[in-house]
Trainee: 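Handing you a structure now.
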Amino acid sequence: ADFRARRESRREETRVEPPRKAGRRHPTRQRDQQVGAEAQVQGLDHGCERPRYVKQFRSSHLEGSPADRRVGARVVGTRVAGAIGGAVGGRLFEAGHDVTLIARGDHLRALQADGLTLGAPGGTVTLPVPAVGHPGELPFAPGDVVVLAMKAQHTAGALADLARVAPPGVAVFCAQNGVDNERMALRVFPDVYGVAVMLPATHLEPGVVEVNSAGLTGLLDLGRYTKGVDGTAEAVAGALEGATFGSVARPDVMRWKYNKLIMNLGNSIEAVCGPDGRTSPLVGLVRDEGLAALAAAGIEPVPREEELAR
């Protein structure tokens, strides 16, 4: 016993804490701190972020909906009215909704000069959708809805940008791949919704967006984050259904977004091996590994049969 006590005493005397490596900060915590700091600079007492770039749409038949909202959309991102934002905004505008897109640079100038050219297998239309370069140029009204459609790496900055002008009660819909955008948005807005995006579209030319599906433009199932359905979700799903999209208000929408992550694992194989890579056994191996990772994290995605049926 005396020997063990002396040995432990010597260990305590000679113990040295290993130095921390500079710059090795937890990425999620670092992003949260960045967004929170930006929000505090803007005078927000809750220390959180908010979206930027915006697209607004209004529909008279949605007034008096269960959520009693005027439905609007604000597409937030580096290229706000890009492939997804342009397709969603264009179709909603075409269906009679009041829409304003946000864009930048040559794309913004093309939208303002010539409108949005929306191409599809069934034909091409040019739509005089209003477009601005910053959400500060838009008047916000009670019941507005914000739709984030930028790449996930731009979400934090977009949220902080929008924080300066958007009211705290605005509903935020994350029409983005990935599963972290909703969490970031919830640090700023209490009403956050996930959108599972199945919408093949491209944006390669200023003022032009191409969608690749005839008849049904795409699937945009949605629901509250982290789970649930309310009147706003049902109203927005109804607006999308009337604008050539398939949209179901789901209480478990995040499970569907995890499924999209698993589906996208095959993209890297296709990028390396070409289109034939989609039928390679590697795709099955990568998918199995992704599902195993979700299972280890306690995340249950939608069964394959249900996904294929949708």
Side-chain angles (χ1 to χ4, degrees), residues 28 31-58 62 65-78 80 84-85 88-89 100 102 134-197 220 222-237 239-240 249-251 253-254 257:
T28 301
R31 181 173 60 248
D32 288 350
Q33 291 170 349
Q34 172 195 351
V35 172
E38 291 175 352
Q40 288 175 355
V41 167
Q42 295 157 9
L44 302 177
D45 55 8
H46 40 64
C48 301
E49 77 267 11
R50 294 191 193 173
R52 73 184 189 206
Y53 306 94
V54 191
K55 165 188 90 186
Q56 170 188 353
F57 74 88
R58 180 185 305 172
L62 287 170
S65 67
D68 195 23
R69 280 188 190 272
R70 176 174 71 83
V71 175
R74 318 254 165 163
V75 177
V76 182
T78 301
V80 169
I84 301 303
V88 174
T100 303
I102 293 190
H134 191 277
E137 302 175 52
L138 292 168
F140 282 84
D144 276 351
V145 172
V146 172
V147 179
L148 309 186
M150 81 294 294
K151 298 296 185 182
Q153 63 264 28
H154 300 300
T155 298
L159 288 168
D161 205 17
L162 190 59
R164 300 179 180 181
V165 294
V170 71
V172 177
F173 285 75
C174 298
Q176 303 160 280
N177 289 334
V179 293
D180 201 39
N181 301 289
E182 290 82 359
R183 182 194 60 80
M184 286 191 282
L186 192 61
R187 297 187 65 240
V188 182
F189 299 100
D191 296 318
V192 175
Y193 303 77
V195 183
V197 179
L220 298 172
L222 52 88
R224 283 191 67 92
Y225 180 76
T226 56
K227 60 183 178 180
V229 170
D230 61 9
T232 300
E234 292 172 348
V236 172
L240 292 169
R250 297 183 178 277
V253 69
M254 296 308 295
K257 298 198 73 166

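Keep in mind it's a predicted model, so treat the numbers as computed, not measured.
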Trainee: Would you confirm whether Lys227, through its side chain, and Met254, through its main-chain N or O, come within 3.5 Å as a donor-acceptor pair?
Mentor: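 No, Lys227 side chain to Met254 backbone: no donor-acceptor pair under 3.5 Å.
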Trainee: Can you name the nearest heavy-atom pair linking Arg224 to Val253, along with the distance?
Mentor: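 The pair with the smallest heavy-atom distance is O-CG1, 4.2 Å.
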Trainee: Minimum heavy-atom separation for Ala233 to Phe173, with atom names?
Mentor: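 Of all heavy-atom pairs spanning Ala233 and Phe173, the closest is CA-CZ, 4.4 Å.
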Trainee: Measure the shortest side-chain to side-chain distance between Leu222 and Val236 over non-hydrogen atoms and say whether it is less than 4.5 angstrom.
Mentor: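 Counting from C-beta outward, Leu222 and Val236 do come under 4.5 Å.
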Trainee: On a heavy-atom basis, which atom in Asp191 and which in Gly169 lie closest, and how many Å separate them?
Mentor: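 Closest approach of Asp191 to Gly169: OD2-O, 4.1 Å.
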Trainee: Measuring from atom CG of Leu220 to atom CD1 of Ile84, what distance do you get when rounded to the nearest 0.5 angstrom?
Mentor: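 Here the rounded value is 8.0 Å.
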Trainee: Over all heavy atoms of both residues, which pair between Val170 and Asp144 is shortest? Give the atoms and the distance, please.
Mentor: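 Taking every non-hydrogen atom into account, CG2-O, 3.0 Å.
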Trainee: Any chance you could measure Thr226, atom OG1, to Arg183, atom CZ, to the nearest 0.5 Å?
Mentor: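 These two atoms lie 13.0 Å from each other.
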Trainee: Hey, mind stepping through Tyr225 and Asn181 against side chain to side chain contact (heavy atoms under 4.5 Å, CB included) and telling me if it holds?
Mentor: CA-CA 10 Å; Tyr225 180 76; Asn181 301 289; over 6 Å; no
Trainee: Show the nearest heavy-atom pair for residues Glu182 and Cys174, with the distance to one decimal.
Mentor: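 Smallest interatomic distance, heavy atoms only, reads OE2-CB, 3.4 Å.
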Trainee: Does Val88 reach the side chain of Leu240, with side-chain heavy atoms less than 4.5 Å apart?
Mentor: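 When only atoms from C-beta onward are counted, Leu240 and Val88 do touch, with a gap below 4.5 Å.
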Trainee: Run the numbers on Val165 and Leu138 for side chain to side chain contact (heavy atoms under 4.5 Å, CB included), then give the verdict.
Mentor: CA-CA 9 Å; Val165 294; Leu138 292 168; over 6 Å; no
Trainee: Nearest 0.5 Å, what's the NZ-CZ distance between Lys257 and Arg250?
Mentor: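 Between Lys257 NZ and Arg250 CZ, I get 14.0 Å after rounding to 0.5 Å.
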Trainee: Looking at every heavy atom in both Pro167 and Phe189, which two are closest together, and how far apart are they?
Mentor: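 Heavy-atom minimum between the residues: O-CE2, 3.5 Å.
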